[in-house]
Amino acid sequence: MKKPKIAFFDFACCEGCQLQVANMGEGVLDVLAAFDVVEWREVMSEKWDKKYDVAIIEGSITDNHAVERITKIRKKANILIAYGSCATIGGVNGMKNNFELDDIRKYVYGESYKFFPTELTKAVHQVVKVDYFVNGCPVYIPEFVAILKAVLQGIPYYVPDYAVCVECKLNENICMYDKGVTCLGPVTRAGCNSWCINNGNICYGCRGMLSNPNEKSARDVLAKYNIPIELIINKMNMYNKCREII
Amino acid sequence: MEENQYVVLKKELFNDFITRLAGIKKLVAPVSKGFKNFAYEEVSSGEQIALKYIPTILPAKKYFMPQNETLLEFNTGKKSNVEAFVEYEPVTLFGLHTCDIAGIQCLNMALSERPKDYNYLSRKNFITIIGLECNEYCDEFASCHLVNADFPSGGYDLMFTDAGEYFIVHINTESGEEIVTNTEIFNKAETFHLNELIKIRENKRKIFSNEVPIERRHIPELFDRSFRSNVWKEVGERCLSCGNCTNVCPTCYCFDIRDELDLDMKHGRRYRVWDSCQLEPFAKVAGGFNFRKERFVRQRHRYYRKFRYPVDKFSRFFCTGCGRCTRTCMANISLKETLSQLVRESEDRVWKRWL
Amino acid sequence: MEKMALKYSSYKSEKAEIVDIKKLTENEKLFRVVLKNKGSLDHEPGQFVMVSLYGIGEIPISVCSSPMISDYFELCVRAVGKVTRSMHKLKKGDEIGIRGPYGKGFPVRILEGNDLLIIAGGLGLAPLRSLITYVLDNRRDFGKVHLLFGCKEPKDMLFSDELEQWNKRTDMHYSCTVDRASPDWAGNVGVITTLIPGVDIEPSKTFAAIVGPPVMYNFVIKELIAKGIPEQNILLSFERNMKCGNGKCGRCQIQNLYCCQDGPVFNYEQIKNLSEAI
Ligand SMILES: Cc1cc2nc3c(=O)[nH]c(=O)nc-3n(C[C@H](O)[C@H](O)[C@H](O)COP(=O)(O)OP(=O)(O)OC[C@H]3O[C@@H](n4cnc5c(N)ncnc54)[C@H](O)[C@@H]3O)c2cc1C
Ligand code: SF4
Ligand code: SF4
Ligand code: SF4
Ligand code: SF4
Ligand code: SF4
Ligand code: FES
């Protein structure tokens with residue numbers, strides 16, 4: 001069987017999860033060995049008119065150019081993978097949606113902002129069809145490996161639609177709430193093996209929210225722990241702002 | 001009480017005993033993790049062990065039915081080959097409270113029912129259980145008396161009872177006897193030791209009493225009356241569906257089965273992981289239909305799987321009163337409180353009928 | 001952690017070979033399967049097997065062939081997700097894993113000497129085909145046999161060759177309806193319940209067997225009870241999420257019943273008070 005051609009593209013992104021393939025450890029390299037990795041500049045050059053099998057997209061869609069570019073990529077790719085929070089949920093770039101657009105442009109480009117049109121930040125699937133989601137900021141490498149394997153097998157990968165708490169309990173961590181610290185685990189999608197909590201940090205919700213979180217009760221829980229609701233909204237917005245445009 | 005079934009261990013010899021015990025095979029005991037949390041972990045000396053502890057984050061079921069357990073290994077491709085395996089580890093569990101032992105008794109029943117679960121049944125034979133009786137309540141969340149799990153009644157090899165200066169130890173099995181013989185550290189129990197044990201138990205009977213205002217034998221009826229109760233709606237509104245209450249429960253054994261391929265994409269394994277009826281996708285079928293879509297239906301199911309359904313099947317409750325589900329719940333959903341609410345509501349209904 | 005081979009495991013399947021594949025509709029294929037090291041599957045109509053595609057997953061599928069055939073058995077699979085879509089990519093000669101048969105099927109011995117009213121909605125025809133073919137193989141042991149079949153559109157019709165044959169038989173009454181007709185459709189249009197009043201049976205000695213999508217059950221049961229068929233004579237087969245088939249994983253539970261062991265076929269009396277059933 002011929003190796004599937006795989007190509008990487010980056011869009012607006014916080015650089016936190018730059019796809020540094022070489023740094024990813026053996027698992028990823030071993031799986032990538034089953035692919036034919038094509039240089040993205042090559043693919044994007046005018047001359048490249050063939051299709052590629054898999055396109056991995058990093059970063060969120062922030063302006064018209066990006067929309068055009070991602071649409072082109074989608075047309076040429078059999079399978080499209082959104083990689084990292086910026087791509088899957090808008091990520092930190094989604095924070096832009098908190099402010100008036102003109103304010104952002106003013107802030108970023110100074111007084112000449114009028115020459116730089118910008119749109120609401122979007123996650124990739126809000127613009128084109130996405131076949132696989134690699135959530136997380138940064139992504140959880142074992143999950144990325146599992147997804148690449150699913151691509152090779154030609155089967156779907158379902159992102160778990162249950163809370164990070166599930167994995168956290170299976171890892172027998174002390175609950176952050178017992179330590180008097182707030183944690184977004186109960187409303188965030190699992191799949192990262194709760195690695196932040198395993199390492200003593202709280203869950204910031206980087207993988208995005210459950211499809212059906214109990215938002216009212218989550219608020220009550222926070223109130224019970226005397227956690228100001230603004231604090232949590234800020235934490236949640238950090239990654240989940242784009243959810244509101246869906 | 002037969003004297004020859006009891007031995008005594010002096011407290012000052014406890015650390016020696018643990019060292020010797022750890023020399024026999026891997027030894028696991030409750031360890032303090034801070035923030036009033038405890039966990040069963042491997043220990044090698046007595047100082048590591050928390051003798052006064054509230055139920056651990058995860059119950060001892062993690063040794064009987066690990067969170068992630070290989071069922072099969074296979075080769076895919078033309079010449080496929082499949083082998084069934086059990087992963088096991090010889091281990092002694094020290095310090096299990098009677099509630100946790102009751103939890104293992106429940107799992108034993110459920111998983112030895114036909115078709116038997118040979119993974120569980122094979123593994124369990126490699127595990128030695130040494131209990132440690134509670135002389136008083138661990139904390140306010142316990143309801144072990146309600147479900148008859150506050151006193152030792154089988155399910156262990158040795159049972160330790162703290163009698164101040166020494167432990168009185170009940171030998172329940174031959175392998176318990178072997179530990180006593182091989183560690184060469186126990187003394188014969190005298191009559192006054194046994195009298196002391198009787199006194200401890202009498203005192204305990206005064207401390208442990210019904211935690212919920214209902215007689216044990218009336219619980220199944222209460223549940224028969226309460227399927228459509230408003231209490232479930234109220235609980236469902238608060239539940240976050242995080243699954244903590246089931247993952248920490250010593251009698252929950254629901255699981256998912258998944259496949260995983262190695263990097264060579266040829267070999268792989270089929271494994272099971274703990275799953276929970278509280279999670280939204282649990283009862284969803286292909287096509288998207290969810291047979292337990294609403295949170296209150298899922299919570300109700302959990303309670304019925306503790307207090308009603310197993311009564312017909314196994315003649316016992318699948319709740320040990322350990323209180324873990326209450327302690328772990330961020331939404332403050334309390335088992336004792338829910339049961340009390342059901343009792344109150346049901347009484348109201350009975351009164352209304354009479355008036 | 002040490003590892004020990006298990007001689008008995010309730011999770012290990014038999015090797016099986018796909019000896020034939022037939023495309024039935026756009027989304028459904030019929031697989032003919034032979035067990036490699038074991039003779040007959042020895043199933044009852046209505047029972048199911050757990051089908052393994054190693055590395056992908058394991059799913060419950062009803063056996064849809066007659067138990068009277070012992071050389072092979074058949075599975076009718078609709079492509080909906082991970083395992084079923086992968087199964088549709090398999091070819092003749094490919095190997096799969098089979099464990100089972102599982103569950104309680106239709107109580108064929110009790111059905112003997114009675115009239116039968118078989119009601120199939122969509123893919124529900126698959127498990128019922130095993131009952132129908134069994135009944136036809138032993139035709140004289142039963143009274144009148146009626147088959148009512150409903151599906152979305154004429155192009156969704158499963159086993160159309162067989163339906164045609166059954167339609168021609170004089171010892172069996174067959175009628176069918178579609179939700180939406182195509183231009184060349186001359187038959188009934190409408191929901192399946194509209195076919196029930198016209199069926200000529202003796203209600204007190206009739207058994208009804210129903211398999212279809214969840215929404216169908218309530219309407220059909222109401223019609224059958226109105227017709228005077230006793231509750232314990234109304235047999236239903238349920239679909240649930242199933243992972244183990246052994247009554248352990250808890251996914252298939254309908255209150256205190258385990259669909260994989262106590263079902264999938266239940267009689268209406270058994271489940272009518274269970275709000276989680278229908
Ligand atoms: C007793 C019994 C008998 C049956 N008999 C038959 C039969 O004869 N023929 C037949 O075709 N079927 C039958 N079924 C149904 C069959 O078992 C299911 O169709 C099958 O299990 C689907 O498996 P899958 O891996 O293909 O689908 P899955 O991939 O598991 O899921 C299918 C659908 O659910 C969605 N989904 C699943 N999990 C997730 C997730 N985590 N996140 C997002 N989406 C998700 C997918 O998008 C997809 O649309 C039977 C079922 C039972 C219980
Ligand atoms: S630490 Fe966070 S993720 Fe873990 S159980 Fe507590 S709330 Fe859930
Ligand atoms: S624990 Fe939370 S923040 Fe950390 S990787 Fe997982 S989802 Fe992201
Ligand atoms: S622990 Fe509490 S919030 Fe979480 S699923 Fe259980 S009852 Fe619901
Ligand atoms: S239901 Fe709660 S109290 Fe009862 S055994 Fe389970 S965790 Fe313990
Ligand atoms: S629930 Fe009862 S038996 Fe269990 S630890 Fe608490 S007091 Fe001891
Ligand atoms: S399928 Fe696992 S309990 Fe029924």
Side-chain angles (χ1 to χ4, degrees), chain B residues 66 70-76 78 80 82-90 110-111 113-120 122 126 227-228 252-261 265-266 268 270 272 275-277 281-287 289 291-292 297 301 304-305 308-310 312-313, chain C residues 1-15 50 52-59 78-84 93-97 99 102 123 213-215 238-259 261 273-277:
Chain B
T70 304
L71 300 173
L72 307 173
E73 288 184 353
F74 49 77
N75 286 329
T76 59
K78 273 274 166 281
S80 76
V82 184
E83 291 291 349
F85 284 104
V86 56
E87 294 164 331
Y88 69 97
E89 195 173 26
L111 292 152
E113 214 204 3
R114 270 172 224 281
K116 295 181 183 183
D117 194 287
Y118 292 98
N119 288 70
Y120 178 92
S122 319
F126 291 93
F227 198 77
R228 282 169 215 288
C252 280
Y253 55 91
C254 286
F255 54 83
D256 189 10
I257 298 183
R258 299 176 198 165
D259 281 16
E260 178 181 73
L261 282 182
M265 304 296 286
K266 289 193 188 79
R270 178 164 291 165
R272 68 170 159 206
D275 204 340
S276 161
C277 63
F282 188 72
K284 212 170 170 176
V285 292
F289 199 88
F291 288 95
R292 257 180 248 113
V297 177
H301 185 68
Y304 275 77
R305 269 197 70 145
R308 188 61 194 93
Y309 305 150
D312 291 341
K313 216 167 176 165
Chain C
M1 200 57 83
E2 292 167 59
K3 218 168 75 178
M4 180 169 70
L6 274 182
K7 194 160 163 218
Y8 302 102
S9 161
S10 16
Y11 300 101
K12 192 174 165 179
S13 4
E14 298 283 333
K15 275 190 189 184
M50 295 298 288
S52 268
L53 268 63
Y54 294 106
I56 297 172
E58 192 177 37
I59 53 165
R78 174 179 289 177
V80 293
K82 191 149 98 178
V83 181
T84 48
D94 282 346
E95 217 173 70
I96 55 174
R99 51 185 182 102
Y102 284 106
L123 190 55
V215 287
F238 290 138
E239 181 186 352
R240 286 296 183 276
N241 191 326
M242 290 185 183
K243 290 287 175 179
C244 71
N246 294 324
K248 303 283 185 284
C249 75
R251 288 185 172 248
C252 71
Q253 238 183 319
I254 303 171
Q255 284 159 254
N256 57 333
L257 299 174
Y258 286 83
C259 193
Q261 290 278 320
N273 292 324
L274 302 184
S275 72
E276 287 183 12

Taking the side chain as C-beta and beyond, is there a heavy-atom pair between [X] and [Y] under 4.5 Å?
X      : Y      : answer
C:Q255 : B:Y304 : no
C:Q253 : B:Y309 : yes
B:K313 : C:Y258 : yes
C:E276 : B:F291 : no
B:F126 : C:M4   : yes
C:N256 : B:R308 : no
B:R228 : C:S275 : yes

Region of B:E113 in contact with chain C, defined by heavy-atom distances below 4.5 Å: both

Between B:P281 and chain C, which part of the residue has a heavy atom less than 4.5 Å away: side chain, backbone, both or neither? backbone

Interface moiety of [X] toward chain B, non-hydrogen atoms closer than 4.5 Å:
X      : result
C:T84  : neither
C:I59  : neither
C:Q261 : side chain

Just checking, any donor-acceptor pair under 3.5 angstrom between side chains of C:S52 and B:R270? yes

For C:Y11 and B:D117, which I'm curious about, is there any donor-acceptor pair between the side chains at under 3.5 Å? yes

Intermediate values then yes/no, salt bridge (charged side-chain N to carboxylate O under 4.0 Å, His left out), B:D275 and C:K243: CA-CA 11 Å; B:D275 204 340; C:K243 290 287 175 179; over 6 Å; no

Verify the neighbour count for atom CZ of B:F227: are there more than 12 heavy atoms of other residues, nucleotides or ligands below 6.0 Å? yes

Under 3.5 Å: donor-acceptor pair, side chain of [X], backbone of [Y]:
X      : Y      : result
C:K15  : B:V82  : no
C:R251 : B:F282 : yes
C:S10  : B:K116 : yes
C:N246 : B:P115 : no
B:D259 : C:I56  : yes

Do you know which of B:L71, B:D256, B:T70 has the most heavy-atom pairs under 4.5 Å to chain C? B:D256

About how many Å separate [atom2] of [Y] and [atom1] of [X], when rounded to the nearest 0.5 Å?
X      : Y      : atom1 : atom2 : result
C:S9   : B:L72  : OG    : CG    : 5.5 Å
B:E89  : C:K3   : CD    : NZ    : 14.5 Å
C:K248 : B:Y120 : NZ    : OH    : 11.5 Å

Please step through side chain to side chain contact (heavy atoms under 4.5 Å, CB included) for the pair C:C244 and B:F255, ending with a clear verdict. CA-CA 9 Å; C:C244 71; B:F255 54 83; 4.0 Å; yes

As an exercise: rank C:A277, C:C252, C:G250, C:S13 by heavy-atom pairs under 4.5 Å with chain B and give me the winner. C:G250

Residue selection (most heavy-atom pairs with chain B, distance under 4.5 Å) from C:M1, C:E58, C:R240: C:R240

When every non-hydrogen atom of C:G55 is compared with those of B:L261, the smallest separation belongs to CA-CD2, 3.9 Å

